[in-house]
Amino acid sequence: MAVSYAQTGATNSAGKAIITSLGASLTSAKTMAGSYIVQDIGGAQRTYSIALQKPNLARVETPDMLYVADGKNLTIYDKGDQSFVKMPQNIGDLRGIFAYEDLNVWAGFFTENAYRPVATASKGTKTISGKQAKAVEAIYDANEQRVVTYYVDTTDGIAHKALVQYKRKESDAKSVLIDAPDVALNKALKADTFEFKAPSDARELSVDEYNGGRWYTDMEQAKSIAQKSGKRIFVDFMASWCGPCKRLEAEVFGTSKFKALSKKFVFARIDVDEQKGVAAHYKIEAMPTQLILNADGSVAATRVGYSTPADFFEFILGA
């Protein structure tokens with residue numbers, strides 16, 4: 001990324017103004033579309049594409065999923081499972097798509113005041129790929145766990161580049177670069193952009209099949225489903241390197257006894273290395289940690305660690 005400084009210094013008022021203008025550019029646009037690259041620094045690239053249109057139309061494709069909102073229904077296609085579900089569309093589900101970090105940079109298109117950092121700092125005007133951009137560092141929690149630097153194009157007012165950093169601990173630092181030179185506002189979109197055409201080998205799930213026993217990785221989506229269904233949320237905070245987490249997975253989550261609990265709970269799984277902001281919000285310090293949440297996300301019960309299936313079921317059934 002070619003970057004050169006045109007000015008130095010940092011002021012919270014200037015940073016806040018840039019964030020405000022970024023949100024205003026997105027909320028005032030009629031459409032937005034394009035493909036972009038997301039790259040873990042030092043890791044692999046992922047390709048995404050978006051096509052958005054006010055008031056409530058969207059086509060969002062990630063490496064694993066396809067979301068199509070046609071104004072009446074939201075269709076979610078799981079590429080790996082080759083299955084899809086079609087459900088009545090609501091604004092909460094539509095906005096929930098953009099809770100994912102790789103998509104959150106566009107959250108302001110459908111949600112006014114989507115960007116609410118606890119602190120901002122202007123980083124001056126920089127040249128990004130030959131274009132002028134105003135850089136702003138936005139801190140999204142008081143511990144500086146999630147920091148996003150937006151490079152807001154001075155021409156169209158959107159961030160064609162963004163650097164997302166998790167830097168609460170140096171040993172735990174992670175950076176993700178979003179590179180979106182082709183994403184543009186107010187593009188003319190084809191009439192069939194928001195039509196879902198199921199692949200020939202895809203199978204359709206009922207809403208109950210889709211929700212029952214499914215693991216959500218997006219807390220906002222899990223809360224939305226819980227509110228609609230009148231259920232509480234069971235959350236497994238885990239990590240790929242965690243031995244007890246793997247035992248819990250093998251000894252509990254695959255059992256019919258646990259799966260039957262989908263009648264009472266929406267299941268959510270949060271990888272603490274991938275979603276550090278969520279882990280920080282719930283003050284997770286050891287893995288695995290299991291929470292029972294009310295539909296609004298408030299904590300009803302907590303258990304840290306894993307010993308035996310009997311102890312686990314005593315916790316969840318007694319919560």
Side-chain angles (χ1 to χ4, degrees), residues 22-23 25-39 45-112 114-115 153 156-162 164 176 178-207 209-211 214 216-218 220-222 224-225 228:
L22 169 61
S25 296
L26 293 174
T27 54
S28 63
K30 295 181 179 180
T31 67
M32 169 182 278
S35 297
Y36 64 100
I37 299 294
V38 177
Q39 181 171 15
Q45 292 184 343
R46 304 181 292 278
T47 301
Y48 291 69
S49 67
I50 58 169
L52 313 176
Q53 182 172 310
K54 298 282 192 340
N56 54 8
L57 303 177
R59 184 181 189 90
V60 177
E61 186 164 5
T62 80
D64 303 310
M65 306 292 291
L66 172 64
Y67 304 89
V68 181
D70 63 11
K72 294 182 179 179
N73 294 299
L74 172 63
T75 302
I76 303 173
Y77 174 61
D78 186 323
K79 296 178 182 179
D81 192 48
Q82 295 180 310
S83 64
F84 69 94
V85 62
K86 184 178 291 186
M87 61 183 72
Q89 180 179 327
N90 66 57
I91 192 62
D93 288 335
L94 183 58
R95 291 173 175 171
I97 295 170
F98 298 92
Y100 295 99
E101 194 63 73
D102 292 354
L103 294 160
N104 187 254
V105 68
W106 318 119
F109 186 85
F110 288 116
T111 306
E112 190 173 2
Y115 311 108
D153 193 303
D156 60 16
I158 64 174
H160 291 286
K161 280 190 184 289
V164 184
V176 177
I178 296 171
D179 189 11
D182 297 328
V183 173
L185 301 178
N186 298 318
K187 276 188 174 181
L189 302 176
K190 295 181 179 179
D192 64 352
T193 297
F194 306 105
E195 293 179 10
F196 174 75
K197 298 176 183 178
S200 59
D201 55 354
R203 57 193 178 93
E204 184 171 5
L205 305 177
S206 69
V207 175
E209 286 177 306
Y210 178 75
N211 291 333
R214 180 191 175 203
Y216 290 88
T217 58
D218 175 10
E220 293 305 312
Q221 194 174 18
S224 175
I225 296 297
K228 293 175 188 175

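The chain is numbered in sequence order, starting from 1. Bear in mind that the values here come from a model prediction, so they are computed numbers and not experimental data.
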Mind listing the closest non-hydrogen atom pair of [X] and [Y] along with its distance?
| X | Y | answer |
| --- | --- | --- |
| L52 | F98 | CD2-CZ, 3.7 Å |
| K190 | T193 | O-OG1, 2.8 Å |
| A29 | L185 | CB-CD2, 3.8 Å |
| T27 | E112 | CG2-CA, 3.8 Å |
| S83 | L205 | OG-CD1, 3.7 Å |
| A51 | F194 | O-CE2, 3.2 Å |

With rounding to the nearest 0.5 Å, note down the distance linking [atom1] in [X] to [atom2] in [Y].
| X | Y | atom1 | atom2 | answer |
| --- | --- | --- | --- | --- |
| S206 | K86 | OG | NZ | 14.0 Å |
| T47 | D102 | OG1 | CG | 11.0 Å |
| L103 | F109 | CG | CZ | 14.0 Å |
| Y36 | D179 | OH | CG | 11.5 Å |
| L74 | I97 | CG | CD1 | 5.0 Å |
| I50 | R59 | CD1 | CZ | 13.0 Å |

I'd like to check [X] versus [Y] (side-chain heavy atoms, cut-off strictly below 4.5 Å). Are they in contact?
| X | Y | answer |
| --- | --- | --- |
| F110 | L94 | yes |
| F84 | V68 | no |
| D182 | S35 | no |
| T62 | R46 | no |
| Q82 | Y77 | yes |

Would you say the side-chain atoms of [X] pair up with the backbone N or O of [Y], donor to acceptor, closer than 3.5 Å?
| X | Y | answer |
| --- | --- | --- |
| Q89 | G71 | yes |
| N186 | K30 | yes |
| T31 | K187 | yes |
| D70 | N73 | yes |
| S28 | S25 | yes |

Problem - Atom NZ of K54: over 12 foreign heavy atoms under 6.0 Å - result: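 Enclosed.
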Problem - Test of ring centre spacing under 6.0 Å for W106 and Y48 - result: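 Ring-ring flag for W106/Y48: false, centres at least 6.0 Å apart.
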